[in-house]
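Have a look at the structure below, then the notes.
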Amino acid sequence: MRRLEGQAVFVAGGAGRLGTATCHRLASEGARVFVTDIDEAAALAVAKDIVDAGGEAHAAYLDLADHASIDAAYTQAEG
């Protein structure tokens, strides 16, 4: 059973080692994953890997030290 089917998760730092593993695990459990990271290209690559494996994922730039980037990432995730 996919325990997170129908759930959405927002992962800050989703393109680092632990973040990437977390994103893949959440997707394997059925979650719709929003991968965010200060390294946007890496976040996009993680999201692409998840989609290529049959999961649902999106990615965005996120700098937790920049309030505007936090607002932008959450706005994008809600859209």
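Along the sequence shown, residues carry numbers from 1. Just so it is clear, the structure is predicted and the values come from calculations on it, not from any experiment.
Every residue was checked against the side chain to side chain donor-acceptor pair (under 3.5 Å) condition with Glu78, not counting sequence neighbours, and none meets it.
Taking CD1 from Ile38 and OG from Ser69, the interatomic distance works out to 7.5 Å, rounded to the nearest 0.5 Å.
Here Arg2 does not pair with Glu29 in a salt bridge; the nearest charged N to carboxylate O distance is not below 4.0 Å.
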Let me have the donor-acceptor pairs involving side chains of residues 49-66, under 3.5 Å, with sequence neighbours excluded, atom names and distances please.
from: Asp52; atom 1: OD2; to: Lys48; atom 2: NZ; distance (Å): 2.6
from: Asp63; atom 1: OD1; to: Ala65; atom 2: N; distance (Å): 3.0
from: Asp66; atom 1: OD1; to: Ala68; atom 2: N; distance (Å): 3.2

Would you list the atom pairs, donor with acceptor, under 3.5 Å between side chains in residues 6-24 and any protein atom, with sequence neighbours excluded?
from: Thr20; atom 1: OG1; to: Gly14; atom 2: O; distance (Å): 3.4
from: Thr20; atom 1: OG1; to: Ala15; atom 2: O; distance (Å): 3.3
from: Thr20; atom 1: OG1; to: Gly16; atom 2: O; distance (Å): 2.7
from: Thr22; atom 1: OG1; to: Leu18; atom 2: O; distance (Å): 2.8

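Applying the side chain to side chain donor-acceptor pair (under 3.5 Å) test to pairs two or more places apart or on separate chains, none has a residue in residues 30-41.
If you chain together hydrophobic residues whose side chains sit under 4.5 Å apart, Leu26 and Leu44 never meet in one group. Side-chain heavy atoms closer than 4.5 Å link hydrophobic residues (I, L, V, M, F, W, Y) into clusters, and following such links, possibly through other members, connects Phe34 to Tyr74.
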